[in-house]
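For reference, the structure discussed in these notes is given below.
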Amino acid sequence: MAGEDARNVSHLSSRADTLRILNYLKSESPARAVIIGGGYIGMEIAEALRARGLDVTLVHRYRLPMAGLEQETREQILEELVSHDIHFVSNASVESLVQDKQGKIRHAVTTRGSFDCDLVILSLGVEPNVELAGGARSGSASRAGSSPMSGSKRARMACWPPGLLRGKKYYHGEAHVPSARNGGEQGGLGCRRKRGGGHATFKGAIRAIAVKVFGLEVAQVGLSSEEARRPSFR
Ligand SMILES: Cc1cc2nc3c(=O)[nH]c(=O)nc-3n(C[C@H](O)[C@H](O)[C@H](O)COP(=O)(O)OP(=O)(O)OC[C@H]3O[C@@H](n4cnc5c(N)ncnc54)[C@H](O)[C@@H]3O)c2cc1C
């Protein structure tokens with residue numbers, strides 16, 4: 001997105017991002033934040049910024065936050081956000097970030113209006129970065145005489161673990177939530193295979209999520225009923 005590199009725009013995917021945001025809050029005392037993306041990280045940062053007294057606008061591409069949870073839960077989350085003065089802009093996507101002469105984003109222009117801001121947080125979800133693993137595996141696969149593409153494909157499949165519901169394995173992009181547990185387990189497994197030379201495999205995962213949104217504690221395991229009805233999950 002143009003403007004993503006401005007100094008008052010941050011992703012939230014590492015400790016360095018967190019420290020940068022904290023430093024910015026201390027040094028610049030921003031009053032208005034726009035958060036783009038209403039997943040669980042969007043929820044957590046909305047609450048954290050609100051607790052520090054910022055006016056928070058949360059721009060989300062769907063009507064309700066937290067896709068993948070039950071509809072009624074998502075309605076409750078929306079109520080909770082609104083009751084804590086989060087300005088939730090539903091069914092909107094960001095078209096541009098308008099920068100001032102000092103290199104700061106001052107307006108987030110969306111399909112549903114323009115919002116003034118002193119700070120922008122991008123919590124838009126993640127795609128697996130498989131370059132390093134794919135490259136390494138490609139190298140070893142080539143040496144073993146197999147297709148150079150197979151390493152990259154295998155790395156991607158490891159990042160999107162198969163679901164295990166209904167006794168089936170499927171690579172469910174939409175129902176996927178990258179989690180520390182999956183990452184850690186697959187990393188450990190890779191080490192054991194490397195050191196022990198064995199054939200340990202990661203059998204898959206069932207999505208589990210827990211998040212606090214102001215006064216609500218929300219948890220879900222498995223698919224939502226809406227997801228379970230989709231042909232791809234049957
Ligand atoms: C704000 C936030 C909250 C989260 N909350 C939760 C939660 O409550 N529960 C949960 O389960 N998960 C949570 N997650 C998700 C979880 O952190 C990730 O799914 C998990 O860390 C992924 O693990 P990983 O090992 O695949 O990748 P990472 O943890 O991103 O690790 C990749 C590492 O590789 C390093 N690296 C990249 N390229 C190279 C290179 N070329 N050479 C050397 N090193 C390289 C990176 O620096 C990094 O240290 C959260 C994530 C965020 C951002």
Side-chain angles (χ1 to χ4, degrees), residues 1 4 8-25 33-52 54 56 58-60 65-69 73 77 80-81 86 119-140 151-164 171-195 200-214 216-224:
M1 187 182 294
E4 199 177 329
N8 62 337
V9 178
S10 185
H11 293 263
L12 182 51
S13 58
S14 66
R15 185 169 176 269
D17 291 337
T18 313
L19 295 177
R20 199 171 38 249
I21 295 168
L22 279 174
N23 281 338
Y24 189 80
L25 291 172
V34 168
I35 299 168
I36 306 171
Y40 76 93
I41 290 173
M43 300 298 108
E44 290 178 343
I45 190 73
E47 181 175 345
L49 294 177
R50 195 72 201 97
R52 285 170 169 78
L54 277 80
V56 176
L58 205 156
V59 179
H60 189 52
M66 300 282 301
L69 297 187
T73 313
I77 294 174
E80 190 70 9
L81 290 172
I86 303 293
L119 172 68
V120 178
I121 306 288
L122 304 174
S123 51
L124 299 158
V126 293
E127 282 283 317
N129 174 354
V130 297
E131 267 172 45
L132 183 64
R137 295 292 302 223
S138 296
S140 60
S152 158
K153 191 173 169 200
R154 265 188 261 169
R156 191 169 291 278
M157 286 169 85
C159 291
W160 298 88
L164 288 177
Y171 290 86
H172 46 52
E174 288 152 320
H176 176 61
V177 173
S179 73
R181 172 82 196 252
N182 286 344
E185 213 161 291
Q186 288 175 83
L189 202 135
C191 289
R192 284 201 295 281
R193 283 175 69 145
K194 184 87 183 151
R195 285 168 51 190
T201 52
F202 185 71
K203 293 202 169 25
I206 293 175
R207 182 183 62 191
I209 184 166
V211 63
K212 176 179 167 296
V213 187
F214 294 99
L216 281 182
E217 288 170 356
V218 181
Q220 179 172 299
V221 176
L223 304 175
S224 68

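Counting starts at 1 for both ligands and their atoms, following the listed order.
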### Task
Look at atom 15 (C) of ligand 1 and say whether a protein heavy atom is found at less than 4.0 angstrom from it.
yes

### Message
I'd like to know if atom 37 (C) of ligand 1 has any protein heavy atom within a distance of less than 4.0 Å.
### Response
no

### Summary
In terms of its nearest heavy atom to atom 1 (C) of ligand 1, the top option of V211, I41, I209 is I41

### Query
At their closest point, which heavy atom of L58 faces which heavy atom of G42, and how far apart are they?
CD1-O, 3.9 Å

### Task
Evaluate the criterion side-chain contact (heavy atoms from CB on, under 4.5 Å) for residue pair L119 and L49; output intermediate values, then yes/no.
CA-CA 10 Å; L119 172 68; L49 294 177; 4.2 Å; yes

#### Entry: Nitrogen or oxygen atoms of Y40 and ligand 1 under 3.5 Å apart
yes

### Task
Under the side-chain contact (heavy atoms from CB on, under 4.5 Å) rule, what do S123 and L12 come out as? Steps first, then yes or no, please.
CA-CA 7 Å; S123 51; L12 182 51; 5.7 Å; no

### Message
Just to check, does S13 reach to within less than 4.0 Å of ligand 1 when the distance is taken from its heavy atoms?
### Response
yes

### Task
Would you indicate whether the side-chain heavy atoms of L81 and V56 approach each other to under 4.5 Å?
no

### Task
Say whether L12, considering both its backbone and side-chain N or O atoms, lies within less than 3.5 Å of an N or O atom on ligand 1.
no

### Heavy atom of protein inside 4.0 Å of atom 33 (C) of ligand 1, strictly below
no

### Query
Looking only at atom types and distance, does a side-chain atom of N182 sit under 3.5 Å from a main-chain N or O of P178, one as donor and one as acceptor?
no

### Message
Test side-chain contact (heavy atoms from CB on, under 4.5 Å) on L54 and L25; report intermediate values, then the result.
### Response
CA-CA 10 Å; L54 277 80; L25 291 172; 4.1 Å; yes

### Query
Where is the nearest protein heavy atom to atom 22 (C) of ligand 1: which residue, which atom, and how far?
S179 O, 4.5 Å

### Interfacing atoms of ligand 1 (cut-off 4.0 Å, heavy-atom, P178)
15 (C), 19 (O)

### Nearest non-hydrogen protein atom, atom 10 (C) of ligand 1
A180 N, 3.4 Å

### pair L22-R52: side-chain heavy atoms closer than 4.5 Å
yes

### Message
Set out, in order, the CA-CA distance, both residues' side-chain angles and the distance that settles side-chain contact (heavy atoms from CB on, under 4.5 Å) for M66 and I209, then state yes or no.
### Response
CA-CA 11 Å; M66 300 282 301; I209 184 166; 4.2 Å; yes

### Contact bool for atom 50 (C) of ligand 1 (protein heavy atom, d < 4.0 Å)
yes

### Query
In the protein, what heavy atom is nearest to atom 23 (O) of ligand 1, and what distance, to one decimal place, separates them?
G183 CA, 4.2 Å

### Task
Mark whether atom 25 (O) of ligand 1 lies under 4.0 angstrom from at least one protein heavy atom.
no

### Task
Could you tell me whether atom 28 (P) of ligand 1 has a protein heavy atom closer than 4.0 Å?
no

### Message
Return the closest protein heavy atom for atom 42 (N) of ligand 1 as residue, atom name and distance.
### Response
L132 CD2, 3.8 Å

### Message
To the nearest 0.5 Å, what is the distance between CG on L69 and CD1 on I77?
### Response
5.0 Å

#### Entry: Shortest non-hydrogen contact from R207 toward S224
NH2-N, 3.9 Å

